[in-house]
Protein chains: 2
Amino acid sequence: MATKPDVKPQMGRRGSAPQTRERILDLALELFTERGYDATSLRDIAERLGTTKAALYYHFARKEDILLELHLRLHGIGGEVLDQLDAMPDDAARAAAWPQLIDRVITQVAENRQLLLLHQRNQNALRALEDDERHQAANEDMEERFRRLLANPELPAETRMRMACSLFAAMGGIMAGGELLGDIDPEEQLGLVRKIVSGLFD
Amino acid sequence: MATKPDVKPQMGRRGSAPQTRERILDLALELFTERGYDATSLRDIAERLGTTKAALYYHFARKEDILLELHLRLHGIGGEVLDQLDAMPDDAARAAAWPQLIDRVITQVAENRQLLLLHQRNQNALRALEDDERHQAANEDMEERFRRLLANPELPAETRMRMACSLFAAMGGIMAGGELLGDIDPEEQLGLVRKIVSGLFD
DNA sequence: GTCTATATTTCGATAGAC
DNA sequence: GTCTATCGAAATATAGAC
């Protein structure tokens with residue numbers, strides 16, 4: 001019940017190998033996104049990292065914990081935007097503020113593209129993680145909170161659908177732009193998405 | 001090289017157990033979508049189907065083949081729409097016809113929601129399938145053909161981004177509507193999405 | 001902190017009876 | 001067409017030396 005029952009390695013005193021944990025996470029993020037969590041073995045990670053499976057187990061007790069830590073980074077992303085949402089009196093006010101919210105979401109999505117790719121391509125593994133104990137707290141991820149808002153039956157149907165469509169248009173446009181519109185300047189892409197999506201609220 | 005090198009069981013003459021293959025596919029579609037292809041073992045499928053792993057291997061030589069067959073159903077969906085696209089002279093004409101195309105896509109998506117969920121939640125497994133021989137033909141799935149069109153650098157950037165955003169808004173709205181807007185009549189949902197997305201082309 | 005070696009489990013796939 | 005039984009490979013995870 002203590003706050004920190006197991007102290008993690010975190011960082012060694014000197015420059016020994018303090019950032020190994022980070023290197024594992026970065027590589028895992030890359031591999032989990034491009035071939036999927038289930039299809040990525042610890043052996044894959046260890047090999048490409050130039051170490052062994054056992055070394056990974058020094059830093060993470062279970063394979064799940066690697067994905068879990070990446071999931072926590074994901075939680076951090078929407079925090080600012082969602083706290084802003086929670087501060088509003090009711091869902092009607094939230095719906096009214098939607099256009100400004102989408103604008104911030106676009107920024108956040110563009111800045112955290114790879115983490116969102118991880119989420120998008122490993123929805124199943126992440127959901128299994130949430131069902132799997134020791135994860136109750138901080139379970140409030142962006143998706144779930146959006147879901148709750150859109151599910152409110154007291155808002156007009158058209159309002160709700162418009163919120164959903166604009167969210168998908170914004171996220172999809174930014175996410176897909178990276179691969180499909182590679183010849184277009186990223187900043188220009190952001191501007192285009194903002195302009196196009198804003199057209200949904202006239 | 002023959003057209004049908006291996007004759008599949010298909011259907012037994014009488015009512016013996018002709019639809020076993022279909023039952024496997026239906027259950028696999030359900031399990032693959034809700035827990036993922038990699039996380040679904042043949043034992044899982046066999047158990048919930050009330051049979052054994054070995055029985056599955058009579059109908060499908062490899063686990064991959066089950067996913068492959070479901071993938072083929074997916075190919076069939078967009079065919080009509082995409083043939084219509086191919087019949088046009090150039091990408092500029094295709095871009096001009098985009099609003100009508102989105103309208104048909106909305107219909108198709110709504111009618112094949114679960115298959116599209118399978119695709120969305122198993123992108124990695126499906127991509128691995130395509131790299132994995134004996135799948136060269138019919139490799140023209142909807143996604144790839146859309147991708148090619150949107151990647152054409154000769155179209156104006158805004159046109160391309162508008163196409164992308166409208167596609168995501170339409171697909172996302174329909175797909176998410178099933179879970180988020182369950183209290184709203186599905187037909188009304190379709191109408192709302194059509195109306196909202198059409199606002200992107202004014 | 002990282003290694004070698006191994007335990008343990010599970011999965012995909014096969015063999016052969018019925 | 002379906003079963004029992006089993007093989008072989010690969011994965012997660014652990015033990016213990018350094």
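Computed from a predicted model, the values in this text were never measured in an experiment. The chains referred to below are lettered A, B, ... by the order of the sequence lines, with proteins before strands, and numbering in each begins at 1. All heavy atoms count here, side chains included; hydrogens, waters and symmetry mates do not.
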- B/S/- contact track for nucleotides 9-18 of chain C, protein heavy atom under 4.0 Å: --SBBBB---
For [N], take OP1 and OP2 only and decide whether either is under 4.0 Å from a side-chain N or O of [X].
X: A/Thr51; N: C/dG1; value: no
X: A/Thr20; N: C/dG1; value: no
X: B/Thr52; N: D/dC3; value: yes

Might you point out which heavy atoms bring [X] and [Y] nearest each other, and give the distance in Å?
X: A/Asn122; Y: A/Phe32; answer: ND2-O, 3.0 Å
X: A/Gln108; Y: A/Ile77; answer: OE1-O, 3.1 Å
X: B/Phe168; Y: A/Gly172; answer: CE1-O, 3.3 Å
X: B/Ile196; Y: A/Glu158; answer: CD1-O, 4.1 Å

Interatomic distance, [X] [atom1] vs [N] [atom2] [rounded to whole Å]:
X: A/His59; N: D/dT14; atom1: NE2; atom2: C1'; value: 17 Å
X: A/Tyr58; N: C/dT4; atom1: OH; atom2: P; value: 18 Å
X: A/Phe60; N: D/dA11; atom1: CZ; atom2: P; value: 20 Å
X: A/Glu47; N: C/dT2; atom1: CD; atom2: P; value: 17 Å

- Message: Is the ring pair A/His71/A/His119 parallel, tilted or perpendicular, if the boundaries are 30 and 60 degrees?
- Response: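 Judged by the thresholds at 30° and 60°, the geometry between A/His71 and A/His119 is parallel.
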- A/Arg35-A/Ser41 side chain donor-acceptor pair, cut-off 3.5 Å: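 Side-chain D/A pair, A/Arg35 to A/Ser41: absent.
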